[in-house]
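Below is one structure; the comments refer to it alone.
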Amino acid sequence: MLKIEHLGIAVKELSKSIPLFEQLLNSPCYKTEIVASEGVSTAFFQTGEAKIELLEATADTSPISKFIAKKGEGIHHIAFEVENIEAEMKRLQALGFELLNETPKNGADNKLVCFLHPKTTNGVLIELCQEKK
Ligand code: ZN
């Protein structure tokens, strides 16, 4: 894994959390993007090399709705940048990690992504991401 690419934070309302994080980080939100397939609306901030991704649910069936209902707002996932997502998925699967998707899927911010089930990662939802080339 190359580095922590971003931290994903589940929020109830981007309209409130974007200005909050702009104040906190003293850095503007540089991008918002809806990922319809995931049922999320996202907002990105740059903090040094890593990013913060705020996630708001766009539907009750969104994984973010379920997460907030269960745990409340807060850190939702850690995303690691990888050079070759398919190779990394194979490597981790062979070690017994459970992938939530069998093939890379389209994520926000021009990325191919794959999530690892938290039950095999000490309760932390892990995202692998690779810049689309
Ligand atoms: Zn993410």
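Counting starts at 1 for both ligands and their atoms, in listed order.
Rounded to the nearest 10 degrees, the angle OE1 (Glu53) to the Zn ion (ligand 1) to NE2 (His77) equals 90°.
Taking a cutoff of 4.0 Å between a charged side-chain nitrogen and a carboxylate oxygen, Lys66 and Asp60 do not qualify as a salt bridge. By the 4.0 Å N-to-carboxylate-O rule, Glu131 lies close enough to Lys111 to be salt-bridged with it. Salt-bridge formation is not detected for the pair Lys12/Glu56: no Lys NZ or Arg NE/NH1/NH2 atom is positioned less than 4.0 Å from an Asp or Glu carboxylate oxygen.
Checked against ring-ring contact (aromatic ring centres under 6.0 Å, His included), His77 has the following partners two or more places apart in sequence or in another chain: His6, Phe115.
Within Glu127, the N, O or S atom lying nearest to the Zn ion (ligand 1) carries the name OE1.
Metal site remark for the Zn ion (ligand 1): His6 contributes an N, O or S atom at a distance under 2.8 Å. When distances to the Zn ion (ligand 1) are checked against a cut-off of 2.8 Å, Glu5 contributes no N, O or S atom below that limit. The nearest N, O or S atom of Cys129 is not closer to the Zn ion (ligand 1) than 2.8 Å.
Neither Leu100 nor Ile78 shares a network with the other; the hydrophobic side chains, linked directly or stepwise wherever heavy atoms of I, L, V, M, F, W or Y lie under 4.5 Å apart, form separate groups for each.
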